[in-house]
Amino acid sequence: MSDDAAGDGAPGNDGSQFDRLPATAAEREVEGRATRAEVLDWWRERFGVPPETFEDHTFWEKGKGKIWVFADDLPSPQEREGVGMTVLRTRQEHWKPTTTAVRKWGHLARKNVIGLSSGQATAFAAGHDQDLPEWDGDWGYLIATHELAGDRVPIGVGLYLYDELRSVVPKGYQEELPDLGE
Amino acid sequence: MNDDGGVLDRYVSLVDDEAAFRAACERPLPSVVRVNTLAADADRVARAFDEEGTEYERAGWHDGIFRMADRSPGTTWPYAHGWVHGQEEVSCLPALALDPEPGTRVWDTCAAPGSKTTQMAAQMDDTGVLVGNDTSLGRLSALRHNAERLGVTNLVVDQQDARNYSLNGFGFEEFDATLVDAPCSCEGTIRKNPDAFDTWTLDHVHEVAGIQKGILRRAVQATRPGGTVVYSTCTFAPEENEAVLDHVLREEDCEIVEWDCPLESVSGVTEWHDEEYDPSVARATRIYPHHNDTGGFFLAKLRVGGDGDGDAAGDDAAEGSEVTA
């Protein structure tokens with residue numbers, strides 16, 4: 001790591017490369033960068049996803065706050081077009097999981113998971129916001145699921161505020177899907 | 001009806017049934033999806049399709065391949081969940097032939113848009129290091145999108161000219177297995193791309209063959225002794241298939257090995273237009289559209305020479321995987 005964009009020789013965040021997250025705050029060299037420990041804590045605290053889930057994975061930052069998860073280990077930095085897949089948006093007050101991360105690991109979540117009916121699931125997948133006053137859990141980012149093929153399956157990330165569940169499924173993943181009925 | 005501009009005439013002497021060959025090339029291709037085993041197994045996909053009323057037929061030769069009756073797979077729940085990916089049947093063959101194992105290092109030289117890459121990620125159980133390389137940034141964006149959609153985390157996306165690919169920065173010197181799904185004249189995709197022949201010229205065939213030779217040579221060099229390289233194209237032209245293999249057999253230390261093709265196929269050709277090729281190119285696989293109601297395809301499996309575990313993925317693959325940060 002040898003980016004001195006800050007102008008004073010202090011390492012900064014270089015948007016053109018992937019830097020591995022430091023293990024802990026004590027090892028942090030780049031200001032504002034999330035640590036591996038913070039990422040694992042966040043998944044456990046927000047969704048109850050056990051830290052062991054990511055035992056073999058490494059976490060990387062490219063661009064401001066965008067965290068990628070990779071299945072193995074590589075020397076850091078990496079000047080590539082992609083290292084694993086995006087998992088989390090940091091460097092903002094409320095960290096936001098990606099749709100793809102929630103689809104991959106959301107089945108391991110034990111809290112802040114909202115089960116949708118078939119009609120609600122279809123609306124959510126199409127990107128529509130909906131009134132959902134019956135939710136009495138936390139506000140903020142939730143994992144929205146529905147019943148499919150005998151299981152609860154995560155659809156994507158919802159943002160719950162003021163009795164409303166906003167679908168934050170990215171446009172590229174929004175789709176008009178069949179209502180599975182009762 | 002496709003105007004093939006006489007391109008298909010070139011290959012009439014190679015096929016067993018000219019009428020069936022021409023007729024198959026005229027028909028549109030069935031819509032097919034492959035199950036993404038990183039997200040769901042085939043029976044769960046079948047159950048989900050049943051619940052939403054999506055009609056399909058399961059391919060007899062592979063558990064994880066579904067032929068869709070009508071609805072575009074993009075508007076189904078299994079697709080929305082990343083449980084399936086649109087991928088032509090013959091396009092599933094190269095990864096099956098390469099058979100990369102979990103925890104190994106694998107290079108996909110021409111990876112975008114990533115159907116075969118993501119299939120290999122699933123075979124590797126999303127572990128190890130899978131490098132998906134391509135030259136065009138636009139196509140790499142499609143590769144990244146498909147890998148994300150299917151929940152692939154073991155993929156490094158890279159943009160280099162595969163002919164002089166450098167492994168600098170990885171912390172390892174060679175791959176265990178490599179796929180060269182080469183850019184080609186795409187004659188075999190005529191059922192999917194009815195204008196595939198519009199821009200066909202013999203000059204282009206020769207030009208692209210030069211690129212193919214360069215990529216396949218680099219693939220053999222970058223793969224460890226005893227490792228596996230699979231070469232595939234979606235074209236009929238021997239100039240881009242057997243002639244490329246013949247060239248690389250002469251220039252690099254490797255051999256063509258047999259593999260069991262699960263679809264109906266014929267052997268590679270050893271003679272074409274006054275050229276004679278190494279007899280072992282007969283171990284390559286040619287698939288014509290009328291054989292299995294698919295696109296056309298060509299594939300060969302190579303073993304890299306030298307002392308080494310003959311398996312594409314050695315138990316020792318984890319050795320030396322420590323990296324210095």
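Because the structure is predicted, anything quoted here is derived from the model rather than measured. Just so it is clear: chains get the letters A, B, ... in the order the sequence lines come, proteins before strands, and each one is counted from 1. Computation of the quantities below employed the complete heavy-atom set of this structure, encompassing side-chain atoms and omitting hydrogens, waters and symmetry-equivalent molecules.
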Donor-acceptor pair between B:Thr223 and B:Thr178 side chains, under 3.5 angstrom
yes
Consider only side-chain N and O atoms of B:Asp125 and B:Gln123, and report whether a donor and an acceptor are under 3.5 Å apart.
no
What part of B:Leu140 gets within 4.5 angstrom of chain A, counting heavy atoms only: side chain, backbone, both, or neither?
side chain
Less than 4.5 Å to any heavy atom of chain A: does that hold for the side chain of B:Asn168, its backbone, both, or neither?
backbone
Most contact-rich option vs chain A, by heavy-atom pairs under 4.5 angstrom, among B:Ala121, B:Gly128, B:Ala39, is B:Gly128
Considering only heavy atoms, which portion of B:Arg144 lies under 4.5 Å from any heavy atom of chain A: side chain, backbone, both, or neither?
side chain
Test of ring centre spacing under 6.0 Å for A:Phe59 and A:Phe54
yes
Per-residue contact mode, B:Val152 against chain A (heavy atom under 4.5 angstrom):
backbone
Restricting to pairs with a member in residues 107-130 of chain B, which pass ring pair (Phe, Tyr, Trp, His ring centres under 6.0 Å), not counting sequence neighbours?
B:Trp107-B:Tyr165, B:Trp107-B:Phe175
Turns out that what part of A:Ala121 lies under 4.5 Å from chain B's heavy atoms comes down to both
Interface residue of largest heavy-atom contact number with chain A, from B:Glu51, B:Gln159, B:His81, under 4.5 Å
B:His81
Check whether B:Phe49 forms a cation-pi arrangement with B:Arg44 (NZ or CZ under 6.0 Å from the six-membered ring centre, at most 45° off the ring normal).
no
Does any backbone or side-chain atom of A:Phe70 lie under 4.5 Å from a heavy atom of chain B? Answer side chain, backbone, both or neither.
both
Please look at B:Leu143 and chain A and tell me whether the side chain, the backbone, both or neither of the residue comes under 4.5 angstrom of a heavy atom of that chain.
neither
Per-residue tally against chain B (heavy atom, under 4.5 Å) across A:Glu175, A:Gln78, A:His107, A:His146 peaks at A:His146
Output the option from A:Ile155, A:Thr122, A:Thr86 having the highest count of non-hydrogen pairs under 4.5 Å with chain B.
A:Thr86
For B:Ala48, is it the side chain, the backbone, both, or neither that has a heavy atom closer than 4.5 Å to a heavy atom of chain A?
both
Would A:Arg80 count as a cation-pi partner of B:Phe170, with NZ or CZ less than 6.0 Å from the six-membered ring centre and within 45° of the ring normal?
yes
Cation-pi check, A:Arg166 onto A:Tyr141 ring (under 6.0 Å, within 45° of axis):
no
Classify the angle between the aromatic ring planes of A:Trp68 and A:Phe18 as parallel (below 30°), tilted (30 to 60°) or perpendicular (above 60°).
perpendicular
